[in-house]
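Below is one structure, written out as structure tokens; the observations come after it.
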Amino acid sequence: MVVATGHADTTGGHPTVGHGELIKSVDRALTTHGRALLTGPAGSGKTEVLRALTEAAALRHETVLRLAPGAADRWIPEASAAALLASVPATALDSLSGPQRTAIALLRRETDAPRAGRDHVALRLAVVEVLRTLAGRGPVLLALDNAQWLDAESIDLLRFALRLTPPRVRVLAAECVQGGAPLCEPLCGPDTPQIRVPPLGTDEVAELLVRRGLPARLAGRIHQASGGNPRLALALGHSLAEAADSRAGGAHHADPLPVSGQAREVARRLLGVVPAQARRTLLFAALAARPTTALLRRAGRPDAEAELAVAEKAALLTVEEDGTIRFTAGALPTALAADAGWPERAAGHAALAAAVDDPVQAVRHRALAVDAPDEALAAEVTGAAASCRRRGQRALAAELGLLAADRTPGHLPGEELARLVGAAEDAGWAGRADLARRAARAVLARDASPADRVRARLAVIDAEGQALGTLDETFAHAAADAEGDPALEAAIRLRLAWKHNLSDGDPVRSRDAAAQAGVLARSGGDQVAEAMALTVRARMGRILGDPDAEEILAEALALPAPEVPLGMRNAPQYLAVRHALFDDRLADAGRQLLVLLPAVRRTGSAEDVFEVLRSLTEVELRRGRCAAATAHARDALRLTVEAGLSPGPAWYVAAMAEAMGGGFPRAAGYARRGIQASEEEHDQIFLSRGLYVLGLVELATGEAAKAVATLRRVAELEAAQQVVDPSILRWHGELAEALVAADAPDEAAELQARVRTTALRLGRTSVIAALDRARGLCLSAHGESEAAVALLEDTAERFARLELPLERARTLLALARVERRRRRRAPARAALTAAAEAFARAGAAPWAELAREQSPSAPASEGGGARPLAALTEAETRLAVLVAQGASNQEAAAKLFVSVKTVEARLTRIYQKLDVRSRAQLATTLRTR
């Protein structure tokens with residue numbers, strides 16, 4: 001029975017995403033201590049955790065008394081006690097004495113009446129008797145939500161009663177953090193376990209958004225802005241979705257999060273626990289680019305430490321040992337600044353301008369402290385933007401460029417226009433689509449030349465990152481303005497080449513557009529653009545299996561290196577590194593990437609830095625250095641969130657690192673989010689990659705049918721993209737292995753033979769080795785065990801010579817499966833041991849565990865008795881287990897993603913191999929083996 005009353009502090013009714021372990025922890029505390037106190041800021045999910053626990057208690061047939069007072073109840077004496085007693089079943093009052101009944105009746109009717117005439121002793125004894133009566137019928141859970149709004153008299157009354165009730169009455173209280181000790185601590189007792197509701201992680205925010213039908217690609221930004229607060233995350237997600245409806249193409253992953261409407265109200269509520277004086281100090285911290293306690297003191301806030309301590313207790317910010325201040329949620333400083341009036345913000349900027357030690361920030365604060373054109377100030381801000389450009393701080397340069405244009409007097413339209421165009425290009429370089437669009441709109445609204453209009457539109461295109469599929473109109477306008485200018489036409493064609501590859505998945509059109517761009521760049525005398533056009537041609541040539549691709553790349557490398565805002569990721573030097581990775585020249589690729597990394601960090605292009613980190617991750621995984629790869633992947637993911645980059649590529653990188661060196665479940669989670677984000681952004685390239693990782697994980701974890709379905713999608717995408725070279729995304733061997741495991745060895749043999757012809761023509765040695773691993777499994781499935789073993793042993797040696805330790809170890813796993821199927825336990829055990837050791841040396845934890853799980857127990861003998869289960873294929877083993885557990889043919893077909901006819905044929909083979917004639921005999925055989 002659940003009896004509820006009051007006003008629930010809901011978080012929007014979201015499920016308990018990410019709080020599974022927390023719920024278990026609270027349940028253990030209730031079992032052990034009989035009391036538990038949940039704390040956390042408003043919207044953190046306390047109500048949902050409490051609801052989950054009360055529902056579980058009700059399912060156990062416990063009596064649940066749930067109370068959720070409102071804010072006004074705190075000032076009404078005994079209001080919460082009255083509400084609780086009003087919800088108690090009438091049968092629990094039958095045993096009360098006359099005075100006790102009278103006391104309860106008066107309390108129910110007269111919570112706002114004078115208390116002097118009431119019999120408080122009778123009331124206390126009545127509450128004790130009610131709780132004892134309920135406890136006599138079974139366990140009781142008293143669940144107090146919004147406990148910070150309990151009135152003092154109710155706390156005193158309940159505390160008295162709970163001291164006299166049996167242990168079967170348990171208490172769970174949930175209270176919002178108010179910056180001090182929990183208000184209901186006296187009720188629960190000083191030794192009550194206090195359990196703080198932790199913020200959600202990025203993965204959990206992504207799940208929360210997906211459940212609400214919101215774009216997964218925004219999860220990183222929303223997690224950063226919400227600090228993992230579920231209610232604030234959902235409010236921000238809805239605000240972004242509404243903002244997306246107002247512009248074509250939907251929300252961009254780097255757009256500023258609109259802290260308005262519901263999101264602003266949630267932020268205000270979180271900030272509302274801080275006194276007004278401390279809020280002014282928080283405003284100063286919100287206005288500063290790099291706030292510290294020392295800076296706030298210099299800016300006129302002498303009590304900064306004490307005021308910040310209040311905010312820190314309320315989980316609004318953290319203060320590091322060096323005094324650095326970090327807001328827990330990025331939306332909080334935005335809300336603080338938005339709620340402050342212009343005079344208050346101007347005063348804050350003026351104070352900070354005199355306190356900061358960075359000249360650039362001093363100029364920025366001085367410009368933000370005034371609201372009128374000022375020629376000298378505009379020139380200073382322009383100089384500060386140039387300084388940021390040299391530092392590689394292109395996003396800040398864009399902000400300052402817009403600020404300088406805003407402070408430029410009306411009689412200097414040329415200066416204003418130049419500053420706007422410069423701001424747009426800085427924003428394009430930094431990937432700040434919001435700033436690029438803002439600057440471009442201002443340029444197009446003025447009497448700008450065609451060249452300036454093209455530059456502004458190109459900046460918008462550059463800022464969009466992977467999401468180029470919605471910019472056809474922008475391309476068309478830019479092409480019209482650029483007509484007759486070969487250099488500008490080349491720049492547009494070059495970006496069209498990128499779009500045809502990324503968004504359209506059409507390398508032929510991309511190659512052709514790049515060829516046109518090269519001709520135009522050459523006629524316009526732009527050697528840098530010409531080099532980049534050649535780079536695109538070389539990249540597409542590699543994809544298409546063009547044998548001239550390396551010669552084209554060499555031609556591009558002979559031209560000047562790019563120094564313009566088109567990015568190192570589009571330069572021939574970087575493509576040469578990618579080709580080294582594809583060709584397994586891993587040591588060379590690693591050395592070159594480590595040279596490029598500090599260089600791209602200096603440029604200020606987050607996308608360039610990400611690309612280098614991605615390649616480092618892939619190189620280190622191929623080299624069998626999982627720890628280093630995981631570190632690079634973590635840096636890439638953090639950078640993506642901080643810079644607002646497209647998350648699909650980062651989730652693919654994280655999934656790859658987890659699939660090899662972390663854990664299969666986390667890898668699958670990252671892969672699925674990457675797939676969804678890439679689908680949302682029409683990014684065909686990283687959609688294929690996300691699916692590939694998911695298929696690899698499904699294959700590794702024994703879900704062969706799912707792996708086949710997933711990897712077939714990769715094959716379809718790669719075919720649609722006309723990808724010929726199998727060394728770029730190596731899904732072919734995995735699909736062939738999955739087909740063998742799913743009992744389709746003929747199809748696997750046909751696939752690996754077809755791809756092998758291409759790999760031999762292009763000289764892709766390690767691809768051939770991966771195909772041979774699949775071929776060995778095919779041979780085994782066809783009963784050619786001797787040939788299979790010989791091929792797999794040879795393949796493992798080839799991988800060793802190629803210095804690809806993880807591929808060698810995976811081949812040893814395949815060898816062990818074949819040997820086990822031959823009933824050769826000792827060779828199977830030796831292969832598994834060697835594989836486990838190789839995986840362990842590489843730091844490939846999930847694969848090492850996989851090898852250990854497959855290791856057979858010590859044999860009593862090498863033969864005799866019933867035919868061993870090792871005679872079954874993996875697909876047959878899965879079906880045998882399902883049937884032995886009682887699944888019908890139809891149920892097994894549904895679970896294995898195959899037809900009923902396939903199940904029937906496979907079951908016939910199982911019976912033959914195990915020499916059984918019925919499902920009952922099959923179940924007996926499985927139990928005994």
Side-chain angles (χ1 to χ4, degrees), residues 392 429 431 465-466 498 531-532 534-536 538-539 542-543 549-550 553-554 556-557 560-563 566-640 642-643 645-646 648-662 685-686 689 692-693 725 727-730 764 766 802-807 842-844:
W429 179 279
Q466 309 292 113
W498 300 337
M532 291 192 164
L534 288 167
T535 301
V536 176
R539 179 180 285 127
R542 176 85 188 212
I543 290 171
E550 296 302 326
L553 178 56
L557 288 166
E563 295 292 343
L566 295 177
M568 178 58 73
R569 62 196 178 281
N570 301 308
Q573 290 79 8
Y574 181 67
L575 182 60
V577 174
R578 296 294 297 173
H579 282 200
L581 168 60
F582 299 152
D583 294 335
D584 295 312
R585 292 180 281 111
L586 301 175
D588 289 344
R591 281 193 296 270
Q592 293 177 58
L593 287 167
L594 290 176
V595 171
L596 288 178
L597 186 58
V600 295
R601 288 193 190 278
R602 287 194 298 270
T603 68
S605 170
E607 284 194 325
D608 282 352
V609 176
F610 171 81
E611 275 296 324
V612 174
L613 290 171
R614 169 172 83 103
S615 290
L616 278 168
T617 301
E618 292 172 333
V619 166
E620 296 295 10
L621 287 176
R622 293 287 289 169
R623 297 176 78 180
R625 300 179 179 183
C626 293
T630 300
H632 292 311
R634 194 178 299 119
D635 287 347
L637 190 57
R638 182 171 57 248
L639 173 68
T640 294
E642 292 173 353
L645 303 179
S646 297
W651 277 331
Y652 152 71
V653 172
M656 275 300 299
E658 286 290 341
M660 303 312 297
I685 303 299
F686 283 95
R689 279 149 181 76
Y692 164 72
V693 185
D725 193 324
S727 69
I728 296 173
L729 183 62
R730 306 180 183 219
R764 307 301 185 230
S766 61
L802 290 168
E803 298 182 0
L804 299 173
L806 294 180
E807 296 296 334

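The structure presented is a predicted model; accordingly, all values stated were derived computationally and were not measured.
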Using a strict threshold of under 4.0 Å (side-chain N to carboxylate O), is an ion pair present between Arg614 and Glu618?
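Looking at Glu618 and Arg614, the cut-off is met.
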Would you mind checking if Arg578 and Asp725 are paired as a salt bridge, meaning a charged N to carboxylate O distance below 4.0 Å?
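Result for this pair is no, no salt bridge flagged.
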Gap between atom [atom2] of [Y] and atom [atom1] of [X] - 0.5 Å precision:
X      : Y      : atom1 : atom2 : answer
Glu803 : Arg585 : CD    : CZ    : 14.0 Å
Leu621 : Leu806 : CG    : CG    : 7.5 Å
Leu597 : Leu616 : CG    : CG    : 6.0 Å
Tyr574 : Thr535 : OH    : OG1   : 12.5 Å
Leu637 : Thr630 : CG    : OG1   : 12.0 Å

If you take all heavy atoms of [X] and [Y], which pair is closest and at what distance?
X      : Y      : answer
Ala531 : Ala556 : O-CB, 3.6 Å
Cys626 : Gly843 : CB-O, 3.5 Å
Pro805 : Arg623 : CG-O, 3.4 Å
Ala606 : Leu639 : O-CD2, 3.4 Å
Ala633 : Thr617 : N-OG1, 3.3 Å

Can you give me every donor-acceptor pair (side chain of residues 586-596, partner residue at least two apart or in another chain, under 3.5 Å) with its distance?
unit_1: Asp588; atom_1: OD1; unit_2: Arg591; atom_2: NH2; d: 2.3
unit_1: Gln592; atom_1: NE2; unit_2: Asp588; atom_2: O; d: 3.4

Taking it one step at a time, do Leu557 and Leu553 satisfy side-chain contact (heavy atoms from CB on, under 4.5 Å)?
CA-CA 6 Å; Leu557 288 166; Leu553 178 56; 4.2 Å; yes
Could you tell me whether the side chain of [Y] reaches within less than 4.5 Å of the side chain of [X], counting heavy atoms only?
X      : Y      : value
Asp608 : Val612 : no
Val653 : Leu613 : no
Met660 : Val693 : no
Asp583 : Arg764 : yes

Holding to side-chain hydrogen bond (donor to acceptor under 3.5 Å, both in side chains), I want the full list of residues that pass it with Arg539, two or more places apart in sequence or in another chain.
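In terms of side-chain hydrogen bond (donor to acceptor under 3.5 Å, both in side chains), with neighbours along the sequence ignored, Arg539 is linked to no residue.
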Taking side-chain hydrogen bond (donor to acceptor under 3.5 Å, both in side chains) as the definition, give me every residue that meets it alongside Tyr692, ordered by chain and number, with sequence neighbours left out.
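If we apply the side-chain hydrogen bond (donor to acceptor under 3.5 Å, both in side chains) test to Tyr692, skipping adjacent residues, there are no hits.
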Step-by-step side-chain contact (heavy atoms from CB on, under 4.5 Å) determination, His579 to Leu575
CA-CA 6 Å; His579 282 200; Leu575 182 60; 3.6 Å; yes
Applying side-chain contact (heavy atoms from CB on, under 4.5 Å), run through Arg730 and Arg622 and close with a yes or a no.
CA-CA 12 Å; Arg730 306 180 183 219; Arg622 293 287 289 169; 3.0 Å; yes
